[in-house]
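Comments concern the structure below.
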Protein chains: 2
Amino acid sequence: QIEITQVTKNYRLGKTTIQALKGVNFTVEEGEFLSVVGASGSGKTTLLNIIGCIDAASEGSVKIDGIEIKRLNDNELTDLRLRKIGFIFQTFNLIPVLNVFENIEFPLLLMNHLPKKAVVSRVNALIEQVGLTDFVRHKPAELSGGQRQRVAIARSLVTNPAIVLADEPTANLDTETGNSILALMKAINMREKSTFIFSTHDPEVLKYADRIVNIRDGRVVNPEPPVAL
Amino acid sequence: QIEITQVTKNYRLGKTTIQALKGVNFTVEEGEFLSVVGASGSGKTTLLNIIGCIDAASEGSVKIDGIEIKRLNDNELTDLRLRKIGFIFQTFNLIPVLNVFENIEFPLLLMNHLPKKAVVSRVNALIEQVGLTDFVRHKPAELSGGQRQRVAIARSLVTNPAIVLADEPTANLDTETGNSILALMKAINMREKSTFIFSTHDPEVLKYADRIVNIRDGRVVNPEPPVAL
Ligand SMILES: Nc1ncnc2c1ncn2[C@@H]1O[C@H](COP(=O)(O)OP(=O)(O)OP(=O)(O)O)[C@@H](O)[C@H]1O
Ligand SMILES: Nc1ncnc2c1ncn2[C@@H]1O[C@H](COP(=O)(O)OP(=O)(O)OP(=O)(O)O)[C@@H](O)[C@H]1O
Ligand SMILES: [Mg+2]
Ligand SMILES: [Mg+2]
């Protein structure tokens, strides 16, 4: 499903080069529920952004279903991201002028493959599953931090993507709300066989993980073999 | 120190009125290390913003050191906030064009009460205490989520305020980094007798708290008497 080989990521800062990832190798099998764990600044967001085709590796190879990502042109990349990947950003990245319903509906409208009625019922189902039924008309600025996080979560799931990348998805949630979100994602993972990759600091998330990948200072430190399902 | 009496906060959304706080009463004594705990959407950020004079209550009274906040004019309010209060926002609110050093230095420059040399050494001490010495020249966009959170933390402490309001200050931090930050804040609290009020979902933070205030659906549900120190 996802093959990362010798991936490095460098940032230029003035005359210095920062090595955010230093030759990362690992493989994720279809349907895994995997957690990436590491200290603040260790490279989790950088890694997720590269897997999610939001950022390009400086060196190395990223293959999704056998497709080498760096061979794709911009249109093919955009299409892959829309159809195959759901991303929950650490900073949510909601659209400020759209309300909860419209933010979640947005990727489905872009895909343009469902009739309006099916879109509405799918969006409403997700809104209910993340506990935001009373807040559908609020805009992001009219929501609490954890409510915005849940909009970002619902939006990432609405297209039923094959790969969900979740960057600290429970950071702003209390334990009870966080657990209901994790149970929802686990249910989707088991029903759809979609692949979930979380970066997290939350021990509750780790309980749900099939496998844990540790990252320290830009390196993966214990590349366990993938769990065959 | 801080007296909250019958505070309500209403938001208008179209024709509906949302009651984010429904008559909150509590008192915080000088030097307390207090945690506000509650589910996502329960009113924590709203309460902290009102205590921190960033937002006004719809009804009720907020007294800081005997001063009724709603009697202050804009200049007096700005002055109070700058001199007495340090705020760690749930969304950090860093200045994008300033680097780590400049972001942390900013409130001290506004206060204009220390010579440049003292400003520099104070800022550098805090940068070291939050573990960001290697990142002083990065701008917020060139930092990880937890690094931005630590800049926000250092900035809130740089003026040595009498009251520190921390809205989920460890949300984006791994347990080890989070604990070093909490130990730092506890040390400041004990040395300076400054008052710390956290909203948090993190059980690690609760271990440091003298007192826990539970909030549910806009109401404080177990107003324990303040811990006399
Ligand atoms: N501008 C607004 N207009 C309408 N409702 C609002 C507005 N801002 C906040 N709210 C609502 O007020 C309630 C309390 O919000 P608040 O941000 O205080 O919650 P919180 O306890 O900090 O939650 P979290 O843990 O998710 O950060 C929420 O239900 C939220 O939707
Ligand atoms: N644009 C950039 N320029 C320079 N350095 C960067 C840039 N973006 C990220 N970095 C650095 O790369 C490293 C890895 O960042 P990353 O965001 O992947 O960490 P993280 O593991 O997600 O951390 P956190 O848990 O705090 O979110 C950090 O040390 C960060 O300062
Ligand atoms: Mg990150
Ligand atoms: Mg909040």
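To find a chain, count down the sequence lines: A is the first, B the second, and so on, and within it residues start at 1.
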B:Ser42 portion near chain A, given a 4.5 angstrom heavy-atom threshold: neither
When B:Ser40, B:Ala171, B:Gly43 are compared by non-hydrogen pairs under 4.5 Å with chain A, the top option: B:Ser40
Option that, when pairs with chain B are counted at under 4.5 Å, heavy atom only, ranks first among A:Thr175, A:Leu13, A:Thr170: A:Leu13
Parallel, tilted or perpendicular: rings of B:His138 and B:Phe135 (30°, 60°): perpendicular
Top contributor to chain A contacts, counting heavy-atom pairs under 4.5 Å, from B:Glu176, B:Arg137, B:Gln149, B:Glu142: B:Glu142
Ion pair check, B:Glu204 and B:Lys207, cut-off under 4.0 Å: yes
Atom pair OG (A:Ser194) and CD1 (A:Ile85), whose distance is rounded to the nearest 0.5 Å: 13.0 Å
Separation between OG1 of B:Thr195 and CD1 of B:Ile2, rounded to the nearest 0.5 Å: 5.5 Å
Structural part of B:Ile18 lying under 4.5 Å from a heavy atom of chain A: side chain
Contact winner vs chain B - A:Leu173, A:Thr16, A:Thr200, heavy-atom pairs under 4.5 Å: A:Leu173
Lys/Arg-Asp/Glu bridge criterion (N-O < 4.0 Å) met for A:Glu105, A:Lys116: yes
